[in-house]
There are 2 protein chains.
Amino acid sequence: MKKAATVLKSNSIRVTPQRLGVYKLLREEKRHFSAEEVYAKVKNHFPAISLATVYSILELLKEKDLASEVRINLDKASFEAKKNEHHHFLCKKCGEIFDIHIELCPTLKRRETQGHSIDKFQGYFYGVCKNCRGK
Amino acid sequence: MKKAATVLKSNSIRVTPQRLGVYKLLREEKRHFSAEEVYAKVKNHFPAISLATVYSILELLKEKDLASEVRINLDKASFEAKKNEHHHFLCKKCGEIFDIHIELCPTLKRRETQGHSIDKFQGYFYGVCKNCRGK
DNA sequence: TTTTTATATAATAATGATTATTGGAAAACT
DNA sequence: AGTTTTCCAATAATCATTATTATATAAAAA
């Protein structure tokens, strides 16, 4: 895997420690983070970083297609490093988000439906996760 | 179709003019409303109603499964009267939300995946709607 | 390496959606 | 009617996100 700094540069993002910190966090821990969580984590390395900076870095990574925002939670956004198209599952007990890798049916893969042209499709699943089942 | 007041009663919701107003709006105009839009509309009939009341009524309708909340928009919730399971399309040009009625593939109809049990599936489509295409 | 220049950051403040509170009004029950 | 319960309006409070701005810093130029 390419070094994080190289990826940023090749996307014409000026490399700063804060940006590197946020991007590496998303790439290395392969889970979903709220902006607050990113802030808390990155703060360990850069105590002076501010929440607003975290938001602006996340926005930048989104624009450059290095991160994506998931809105399966009703109250706040989650962020993850960009991966192949996949879908999400939200556990209503523990609140954790899981990636769902499922091959979608042809109907959902169409790039057009009812006259609308489709750029992107996101599948959101809700239920109880395997850890919480039987508790 | 049953009268709105009857539906509320049979769901053990005490009928008040405000509740009736909100519920009838969602049932009769079959589109998606933000809380602000519901407020503006219902205000025509009940000038004294407050936004907080609108939120609390929407919450109540959701609990009783008479309305549902859609979060295809990143910044605010949309509400609609409960219908059969369907999916949503958000136009990135005009911001309008359209219902998408598509038969799901068997994979998505499973009530279980990767060990998680699934209550609900929501498909979100993003793109350019038929009205905005070719503009 | 130093200087320059543009951009990024920190530290607020501001905004906008949603939720909590509270006192008083209306409905249901006795 | 009197009592109790629930509802509602009118804030105020909260929480996520965005805007602002003065200072700091990375990359480019000298």
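Lettering of chains follows the sequences in order, A, B, ..., and the numbering in each one begins at 1. Note that this is a predicted model, so its numbers are computed, not measured.
- Put simply, A:Thr53 has a side-chain N or O that comes within less than 4.0 Å of OP1 or OP2 on C:dA10.
- Shown for residues 2-10 of chain B: no residue has heavy atoms falling under 4.0 angstrom of DNA chain D.
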Could I get a table of every N or O pair under 3.5 Å where one atom is in the protein and the other is in nucleotides 21-30 of chain C?
none

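- The stretch residues 27-39 of chain B does not touch DNA chain C, since none of its heavy atoms comes less than 4.0 Å from the strand.
- The side chain to side chain donor-acceptor pair (under 3.5 Å) contacts involving residues 12-23 of chain B comprise nothing, where partners must be two or more places apart or lie in separate chains.
- Applying the side-chain hydrogen bond (donor to acceptor under 3.5 Å, both in side chains) criterion to B:His45, with sequence neighbours excluded, gives no partner residue.
- Axis angle between the ends of the helix from C:dT1-D:dA30 to C:dT30-D:dA1, five pairs each and rounded to 10 degrees, works out to 30°.
- In this structure, CG of B:Leu51 is placed 11 Å from C1' of C:dT19, rounded to the nearest angstrom.
- Grouping Ile, Leu, Val, Met, Phe, Trp and Tyr by side-chain contacts under 4.5 Å, direct or through others, leaves A:Leu74 on its own.
- Looking at residues two or more places apart in sequence or on another chain, you find a side-chain hydrogen bond (donor to acceptor under 3.5 Å, both in side chains) between A:His86 and A:Glu80, A:His88, A:Asp99.
- B:Asp119 meets the side-chain hydrogen bond (donor to acceptor under 3.5 Å, both in side chains) test with A:Lys92; sequence neighbours excluded.
- Through side-chain heavy atoms spaced under 4.5 Å, either directly or across other Ile, Leu, Val, Met, Phe, Trp or Tyr residues, A:Tyr126 is tied to A:Val70, A:Ile72, A:Leu90, A:Ile97, A:Tyr124, B:Val70, B:Ile72, B:Leu90, B:Ile97, B:Tyr124, B:Tyr126.
- Residues from residues 54-75 of chain A that place a heavy atom under 4.0 Å from any atom of DNA chain D, listed by number: A:Tyr55, A:Arg71, A:Asp75.
- Note on residues 33-60 of chain A: pairs passing salt bridge (charged side-chain N to carboxylate O under 4.0 Å, His left out), not counting sequence neighbours, are A:Glu29-A:Lys41, A:Glu59-A:Lys62.
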